[in-house]
Amino acid sequence: MAAGKRLTAAQFARAIDGISISERPLAMARAVLVDGVSQSDCARANGVSRNAVCLTVNRIWEAHNAVPDGFERVTAILPKHQASVVRSWHERAPFKTETAS
């Protein structure tokens with residue numbers, strides 16, 4: 001996993017919602033993505049291969065980055081005032097409110 005792939009506890013909870021993963025791999029992925037444990041250290045601590053940890057981490061990371069139907073991910077360079085408008089649209093997007101607690 002590249003440096004910088006981290007999730008908050010809330011982001012992690014949203015990413016795993018609806019995914020069928022047993023508790024042990026889920027705990028390992030949480031240790032890596034939320035707690036910042038390296039995949040190698042996590043694998044050693046759990047007596048599994050680094051690849052086993054990597055597969056689960058990648059599955060959850062991809063779920064976190066999935067784009068819901070009817071939405072599209074865009075990247076743009078905008079003046080600050082326009083960027084703030086786009087950020088506000090992003091925060092109010094319907095897919096955000098359906099997972100909020």
Side-chain angles (χ1 to χ4, degrees):
M1 182 179 80
K5 279 192 180 178
R6 296 285 304 269
L7 299 175
T8 65
Q11 289 170 324
F12 185 84
R14 283 192 299 271
I16 65 170
D17 186 38
I19 295 179
S20 178
I21 299 177
S22 60
E23 288 300 314
R24 185 172 182 214
L26 198 60
M28 291 187 296
R30 189 181 198 293
V32 172
L33 290 168
V34 177
D35 302 331
V37 176
S38 75
Q39 289 187 19
S40 297
D41 288 346
C42 185
R44 264 191 302 280
N46 288 280
V48 299
S49 70
R50 185 183 176 284
N51 189 54
V53 175
C54 182
L55 288 171
T56 304
V57 166
N58 286 343
R59 184 173 173 198
I60 293 169
W61 186 255
E62 288 170 11
H64 167 70
N65 284 313
V67 177
D69 289 341
F71 287 82
E72 182 177 345
R73 184 182 314 274
V74 297
T75 302
I77 298 173
L78 302 167
K80 286 185 179 192
H81 70 279
Q82 289 177 331
S84 68
V85 170
V86 172
R87 274 192 295 279
S88 73
W89 292 344
H90 175 73
E91 291 305 315
R92 292 190 321 252
F95 71 91
K96 293 272 186 182
T97 58
E98 71 188 31
T99 58
S101 329

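Closest of all the heavy-atom pairs between Phe71 and Val67 is O-CG1, 3.3 Å. Contact detail for Leu33 and Lys5: the closest heavy-atom pair is CD2-O, 3.8 Å. Considering all non-hydrogen atoms of both residues, Ile19 and Ala63 come closest at CD1-CB, 3.4 Å. The minimum heavy-atom distance linking Cys42 with Val37 is given by the pair N-CG1, 3.8 Å.
In the hydrophobic clustering, where aliphatic and aromatic side chains (Ile, Leu, Val, Met, Phe, Trp, Tyr) are joined below 4.5 Å either directly or transitively, Val85 groups with Leu78, Val86, Trp89.
Qualifying side-chain hydrogen bond (donor to acceptor under 3.5 Å, both in side chains) partners for Gln82, counting only residues two or more places apart in sequence or in other chains: none. Residues that satisfy the side-chain contact (heavy atoms from CB on, under 4.5 Å) test with Ile16, not counting sequence neighbours, are Phe12, Leu26, Ile60. Judged as a side-chain hydrogen bond (donor to acceptor under 3.5 Å, both in side chains), and not counting sequence neighbours, the contacts of Thr8 are Gln11.
Rounding to the nearest 0.5 Å gives a distance of 11.5 Å between SG of Cys54 and CE of Met28. The CZ atom of Arg87 sits 9.0 Å away from the NZ atom of Lys80 when rounded to the nearest 0.5 Å. Distance check: Thr56 OG1 to Arg24 CZ gives 10.5 Å after rounding to the nearest 0.5 Å.
Residues Leu7 and Leu55 do not share a hydrophobic cluster, clusters being chains of Ile/Leu/Val/Met/Phe/Trp/Tyr side chains in contact below 4.5 Å.
Listed by first then second residue, pairs satisfying salt bridge (Lys or Arg N to Asp or Glu O under 4.0 Å) with a partner in residues 30-44 read Arg30-Asp35, Asp41-Arg44, not counting sequence neighbours. Residue pairs meeting the salt bridge (Lys or Arg N to Asp or Glu O under 4.0 Å) criterion with at least one member in residues 67-79, sequence neighbours excluded, do not occur.
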